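Before any comments, here is the structure.
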Amino acid sequence: AANKYEQRQSDPRGNSYGEYRNMKQDKLDQQLSSAKQSELFKDLLIMLNGRLEPSASYLRQLIGQHGGQVVFQYTSGVTHMICQNLSASKFNIFSKRKIPIMYPKWVLMCVEQQKLIDTNDFIIQEIAEKLDIQQQTQISPIFQISQLNQSQFLEQQKQTEEEKQVLQLIESTQTTALVSSVLQPLNISQLSQLSPLSGTSPQAFYNVNRQVPQPQENTVQRYHESSRLHQLTQFKLNAQEFLIKNPPYGPKPTDTARPLFIHIDIDCFFCQASFLKLPTSKQQQLHGYPLAVSSNIKNASNSTADISSCNYTARRLGVHNGMWVSQAVQKCPNLQLLEYDFDFYNKLSLQFYDILRQFSSDIMPISCDEAYLKLSGIYTQQEDIKIIKQKIYSQLQLSTTIGLGENLIQARIATKLAKPNGFMFLNKEVFQQVIKDKQVDFLPQIGFKITEELKNMNIFTVEDLQNADIKLLRENFGEVKGQNLLNEANGVDFLLFQPIQNLLKQKSLQVSKNFNVRISQISVFKQLVFELLQELNQRSTDRQLKLNKLSITVNVAAANNKQFMKKMGCGVCNQVRSTIFIHKKCDQCVEELVDSVVNKIKMEDVRGVDVMGFVGEVKNIVQSKELGQNAQKKVEFWEKLQQQSQNTAEKQEIISCDDYFDALQQIDDQDVANALRKVFSAQCLCRGNLEEAFKLGIDGVEDMFEDKWRWL
DNA sequence: CTAGTGTGGTAGC
DNA sequence: GATCGCTACCACACTAG
């Protein structure tokens, strides 16, 4: 397979694969325009997103034949968006811009009927409903818990009208989730039934499609769509976003002498969710079998696909997460493999958090299916807490495990011990009892490397760790880590409970591809970096983060690269990194970024690339050495400005004010005064709501500036 | 000593 | 023909000044 891929990369018809692709594209475009059949899509710019059925290349061809234009990335002027799956954030972007989102079926049906069908009939239902849930949740009646006494709250949990409404709400969405396969685009045979008048048989189109090579754009995006680890991180971010927009409204924990925490985790989340997606008959058939979620593969006994989640039957038979499918079926020949359904996982995750919102106002999300809750003093009975489990089960059919403890680590360990479908309370004494004989890697934060290191120190069990010499631990692991290890072993928290409302601004973001990367030409490498940067740009824009620094990491095959390697994986690699400062959109930095590493690597050894962006707080930007020797004065100026706007709503705006940012970038070291004048004018004039600026006019602004100037 | 940069480890399924 | 090895964040070693 690798050989074939490389042959394609060095196709003799072009100097590089990219050029070859362009030639091919031109040729294709010519063919298409010559085969133009109608002007149906004239003046439309249609964006194709993600994996499509029929395929993107086929749709492109079809749209081209009928006079339309196609793009694969969002650009201004896009009139329609075609997709099957779409993240909530992207959905928001398109719906905000009032760009209709349609299934590919729309294109086919327009062509069939030779008219532009009303887009309202096609806007993706499932996603629209997901958005509806969020809106409804926001306006749904909120329990005024603080005004209720404790028993009233618990009573309300069981009985109130609001409760019924919430239940109905979630039940209705759940039905949608379970039948969502109904909403998938129609297949070809269904289509021909719908449009018997068609002149050209859809089947014919479909066959043409088979001969058109798949376009190579969006390799990063396509890859991410089926990468479980990518999805997993996005789900977590989605959950955080959801909680910020829909704050928890449960009872407010009071400062009691003895706070309680729960740790809640959905048991083998992906596995349960994928199971729920099966038809009932299949579910009955698989009942009691060992199950695992993995990419759908034909040759399980040879596959190096990862098991991403497996049920507890499978675990008892020796299967575990992260194992290769081939190893798993060797241990457990009856293992039944289930398919991923990432959209469904995401949906369940948000519903999970929607339920948790009722139970505490202090929630700390850990991942898409796992959170800590700080409990108020009203939970006095274990039964009160089990209500959470029951609710999640009755509303989502997902079994969970809850650990209860006086601190986070106790709760966390309790969950681990009680899995699956369990509940456990640990206090200090019981914790000591249950933990002491466990291997050290039973504790969180102790992974492969630290286990190895501890082995070298003759520390194997938690009890060994408890008795270890703190000086030695600190020496070997550092001050903090060493102390943390000891704390963990003794059931003392080192993780701080941080409810969602304390969430700090994201500091960095990164986009990686370290799978199926085999490169022979620098142009291909550039294309990959470009795509990664585009994605980075997209994400930072979506999340309104301003990046001031970019870093690139290239994974380069090490001498023992092939050892333990997944077939298309990156194997053992050395990392080559480099960092640059940026003044422009990050997808315009390809050349600079590539240049910074290209001399240190051989293209044929590249096994993966990772670009990271650092969020530039204006304060940090001001401090960065890019601003040169007068940075200190500029910082002071900035801080003064901050103080000025301290008590106004403008503070936030000033932080994100692009003009301000740009002006700062242009500050001239030779003449700080002038530069700051520029900055300050820009600040005033670019923002209409700085009232004084308008009242005083230009001269007034100058005076104002002089006024602010004195402190410099 | 300080501030900035580079490196490595862990977590979720 | 393979089957999706991501990503945020922390701590600390190191370096320049």
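Values in this document were obtained by computation on a predicted structure and should not be read as measured data. Just so we're on the same page: letters track the sequence lines, and every chain starts at 1.
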Sort and list the pairs that fulfil ring pair (Phe, Tyr, Trp, His ring centres under 6.0 Å) and have at least one residue in [range], not counting sequence neighbours.
range	answer
residues 532-557 of chain A	none
residues 481-504 of chain A	A:Phe261-A:Phe497
residues 219-240 of chain A	A:His224-A:His230

Whole Å only: how far is the [atom1] atom of [X] from the [atom2] atom of [N]?
X	N	atom1	atom2	result
A:Lys449	B:dG9	NZ	P	5 Å
A:Asn548	B:dG4	CG	C1'	13 Å
A:Ile264	B:dG12	CD1	P	16 Å
A:Asp306	B:dG12	CG	C1'	14 Å
A:Phe515	C:dG5	CZ	C1'	8 Å
A:Phe442	B:dT10	CZ	C1'	17 Å
A:Leu232	C:dT7	CG	P	11 Å

Indicate, with a heavy-atom threshold strictly under 4.0 Å, whether [X] touches base, sugar-phosphate, or nothing.
X	answer
A:Val325	nothing
A:Phe269	sugar-phosphate
A:Ile366	nothing

**Message:** Run the salt bridge (Lys or Arg N to Asp or Glu O under 4.0 Å) test against A:Asp265 and tell me which residues pass, sequence neighbours left out.
**Reply:**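 Salt bridge (Lys or Arg N to Asp or Glu O under 4.0 Å) list for A:Asp265, sorted by chain: A:Lys419.
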**Request:** Applying salt bridge (Lys or Arg N to Asp or Glu O under 4.0 Å), name anything that partners A:Asp587, two or more places apart in sequence or on another chain.
**Result:**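 Once residues adjacent in sequence are excluded, A:Asp587 has no partner under the salt bridge (Lys or Arg N to Asp or Glu O under 4.0 Å) criterion.
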**Message:** The criterion is side chain to side chain contact (heavy atoms under 4.5 Å, CB included); which residues satisfy it with A:Leu229, sequence neighbours excluded?
**Reply:**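 A:Leu229 satisfies side chain to side chain contact (heavy atoms under 4.5 Å, CB included) with A:Ser227, A:Leu232 once adjacent residues are dropped.
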**Asked** Tell me, which of residues 489-500 of chain A have any heavy atom that sits under 4.0 Å from an atom in DNA chain B?
**Response**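 Heavy-atom cutoff 4.0 Å gives no residues at all.
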**Request:** Before giving the answer on side-chain contact (heavy atoms from CB on, under 4.5 Å), spell out for A:Leu443 and A:Val462 the whole-Å C-alpha distance, their side-chain angles and the decisive distance to 0.1 Å.
**Result:** CA-CA 8 Å; A:Leu443 296 171; A:Val462 176; 4.1 Å; yes
For [N] and [X] - does any side-chain N or O of the residue sit under 4.0 Å from the phosphate oxygens OP1/OP2?
X	N	result
A:Arg228	C:dG5	yes
A:Thr233	B:dG12	no
A:Gln445	B:dA11	no
A:Asn514	C:dC6	yes
A:Lys549	B:dT5	yes

**Item:** Bracket string, DNA chain C, 5' to 3' - pairs by Watson-Crick or G-U geometry under 3.5 Å, | interstrand
**Value:** .....||||||||||||
Please list, one pair per line, the donor and acceptor atoms closer than 3.5 Å that link side chains of residues 318-326 of chain A to other protein atoms, with sequence neighbours excluded.
unit_1: A:Asn321; atom_1: OD1; unit_2: A:Cys310; atom_2: N; d: 3.3
unit_1: A:Ser326; atom_1: OG; unit_2: A:Ser303; atom_2: O; d: 2.9

Using a 3.5 Å cut-off and no angle test, enumerate the donor-acceptor pairs between side-chain atoms of residues 474-483 of chain A and protein atoms at least two apart in sequence or in another chain.
unit_1: A:Arg474; atom_1: NH2; unit_2: A:Gln483; atom_2: OE1; d: 2.6
unit_1: A:Gln483; atom_1: NE2; unit_2: A:Asn487; atom_2: OD1; d: 3.1

**Request:** Decide, yes or no, whether a salt bridge links A:Arg539 with A:Asp542 under the criterion of side-chain N to carboxylate O below 4.0 Å.
**Result:**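 Salt bridge flag = no for A:Asp542 with A:Arg539.
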**Request:** Summarise protein proximity over nucleotides 9-17 of chain C in one line of letters, 5' to 3': B for base, S for sugar-phosphate only, - for none, counting protein heavy atoms closer than 4.0 Å.
**Result:** SSSS-----
**Request:** Please tell me which of the listed nucleotides, B:dT10, C:dT3, B:dG12, lies nearest to the side chain of A:Ala305?
**Result:**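 Side chain of A:Ala305 sits closest to C:dT3.
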**Request:** Please tell me which of the listed nucleotides, C:dT3, C:dT7, C:dG5, lies nearest to the side chain of A:Lys567?
**Result:**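 Closest of the options to the side chain of A:Lys567: C:dT3.
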**Message:** So A:Ile266 and A:Phe352, do their side chains get closer than 4.5 Å, heavy atoms only?
**Reply:**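 A side-chain contact under 4.5 Å exists here.
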**Message:** Listing request: all side chain to side chain donor-acceptor pair (under 3.5 Å) pairs with a residue in residues 409-418 of chain A, at least two apart in sequence or in separate chains.
**Reply:**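 Listed once each, the pairs are A:His263-A:Thr415.
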